[in-house]
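FYI, side chains are in, hydrogens and waters are out, and symmetry mates aren't considered; it's all heavy atoms of this structure.
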Amino acid sequence: MQNAMTMGATDTEIARAVDLLKQGRLVAFATETVYGLGADATNALAVQRIFAAKGRPATNPLIVHVADAAAARGVVRHWPVEADILAERFWPGPLTLVLPRVKSIVDAVTAGLDTVGVRAPDHPVALALLRAFGGAVAAPSANRANHVSPTTAEHVRQELGDAVDLILDGGACRVGIESTVLDLSGDAPRVLRPGGVSREAIASALGREVALAGGVLEHAAASSPGQQALHYAPRAKAWIFQAADAAGVAAQCCSGGKW
């Protein structure tokens, strides 16, 4: 595999990224949320390279990125009126919609389930890549599984090294956390993963209640990333305390106290 490179998003560089995607290779790219590790969502071998690079379990699905709502309709079998409302209000942006998938999206992308999460990212680098590619790009965060998601190109290099063929550098991510994932495949909308768009904002746009779904059992296929018991594992010390202890904790931190 060639050495990973960090690049801006000139027309020539975008064309190179598109060529790599069409070859079934991996391209990391900036979005407004975090950097994504992209592969052609219709190429089974390319998608398996994502899982291998990340060390990601097969039960954890990938989100599919598209340029706009028109492209999203080519990825799903059913596009309800709620999807129109939310895409008009929040796309491009940090909201993923889970809907019944078409057969061309490979099984590994969806953990073998009949639904797929799809979104249009709000970043010029991501949109330029998606428009030039003209198809669906499966792209989880560009980091090792359970590590903190990357928000700069340097983070991607440190995490994945030569496992990624190309990094399109779009600067630091504006949002810095993953997209909200909303399931529209059932009778009522449910947030599967909180993220860059609040549940209250979604409910306001739809004019109805929006439930918050629970997680999934260990080793069970998830409908969305972030539903399993272990998702992020920061390598830093952490302490749990009650809200009533906040003042004391703050004083201890400010005084340089040891824990």
Side-chain angles (χ1 to χ4, degrees), residues 14 17-18 21-22 27 29-44 46-47 50 61-141 175 178-197 199 201-203 205-206 210 213 222-226:
I14 292 293
V18 169
L21 289 175
K22 290 181 176 179
V27 173
F29 59 95
T31 79
E32 83 283 22
T33 57
V34 299
Y35 273 70
L37 181 61
D40 181 352
T42 66
N43 183 325
V47 170
I50 291 178
L62 311 178
I63 289 173
V64 169
H65 292 67
V66 294
D68 50 35
R73 290 183 179 91
V75 173
V76 302
R77 300 195 310 272
H78 176 56
W79 183 261
V81 64
E82 291 86 356
D84 259 334
I85 293 170
L86 295 171
E88 176 67 24
R89 173 66 179 83
F90 296 110
W91 280 10
L95 177 65
T96 294
L97 303 178
V98 173
L99 293 160
R101 68 178 172 110
V102 296
K103 291 182 179 180
S104 60
I105 301 300
V106 300
D107 288 348
V109 169
T110 68
L113 301 180
D114 191 44
T115 56
V116 63
V118 59
R119 86 174 185 104
D122 187 15
H123 193 290
V125 168
L127 290 175
L129 175 63
L130 292 165
R131 288 166 182 153
F133 182 63
V137 174
S141 55
V175 175
E178 279 82 357
S179 64
T180 300
V181 180
L182 182 72
D183 186 0
L184 291 178
S185 66
D187 295 332
R190 301 182 305 148
V191 169
L192 303 181
R193 179 184 75 183
V197 175
R199 184 159 57 112
I202 295 168
L206 294 178
V210 175
S223 299
S224 162

Checklist entry - Do E32 and P121 have side chains that get closer than 4.5 Å, going by heavy atoms? => result yes

Next on the checklist: If I take atom OG from residue S141 and atom CG from residue L62, how far apart are they, to the nearest 0.5 angstrom?
Outcome noted: 10.0 Å

Next on the checklist: Give me the atom names and distance for the closest heavy-atom approach of I14 to A128.
Outcome noted: CG2-O, 3.8 Å

Checklist entry - Only one of L99, L95, T96 forms a side chain to side chain contact (heavy atoms under 4.5 Å, CB included) with L182, so which one is it? => result L95

Item to check | Distance in Å, I85 CD1 paired with I202 CD1, rounded so as to fall on 0.5 Å steps | outcome: 12.5 Å

Checklist entry - Taking atom CD1 of I63 and atom CG of L97, what is their separation to the nearest 0.5 Å? => result 10.0 Å

Checklist entry - Do L86 and P189 have side-chain heavy atoms sitting under 4.5 Å apart? => result no

Item to check | S185 vs D114 side-chain heavy atoms within contact, under 4.5 Å | outcome: no

Item to check | Closest approach of D40 to F133 (non-hydrogen atoms, all atoms of both residues) | outcome: CG-CZ, 3.8 Å

Next on the checklist: Given 3.5 Å as the limit, does a donor-acceptor pair link the side chain of R101 with the main chain of V75, or not?
Outcome noted: no

Checklist entry - Does any non-hydrogen side-chain atom of V34 lie less than 4.5 Å from one of E178? => result yes

Item to check | Atom of H65, atom of A139 and distance for their closest heavy-atom approach | outcome: CE1-O, 3.0 Å

Checklist outcome for this item: Minimal heavy-atom distance between V66 and L130, with the atoms involved, is O-CD1, 3.4 Å

Checklist entry - Which heavy atom in W91 sits nearest to a heavy atom in A69, and how many Å separate them? => result CZ3-CA, 3.9 Å

Item to check | Donor-acceptor under 3.5 Å (R73 side chain, W79 main chain) | outcome: no

Item to check | Rounded distance [0.5 Å steps], CD1 in I50 versus CG in L37 | outcome: 5.0 Å

Checklist entry - Rounded to the nearest 0.5 Å, what separation is found between the NE2 atom of H123 and the OG1 atom of T31? => result 7.5 Å

Item to check | Spacing of L127 atom CG and D122 atom CG [to the nearest 0.5 Å] | outcome: 7.0 Å

Checklist entry - Got a donor-acceptor contact below 3.5 angstrom from the R199 side chain to the P194 backbone? => result no

Item to check | 4.5 Å side-chain heavy-atom contact, R89 and V197 | outcome: no

Checklist entry - So which heavy atom on G117 is nearest to which on V98, and how close? => result CA-CG2, 4.0 Å

Next on the checklist: With a 4.5 Å cut-off on side-chain heavy atoms, are V18 and L129 touching?
Outcome noted: yes

Next on the checklist: Can a side-chain donor-acceptor contact be found between S223 and T115 if the only test is distance below 3.5 angstrom?
Outcome noted: no

Checklist entry - Does T180 use its side chain to pair, donor to acceptor, with the backbone of G196 at less than 3.5 Å? => result yes

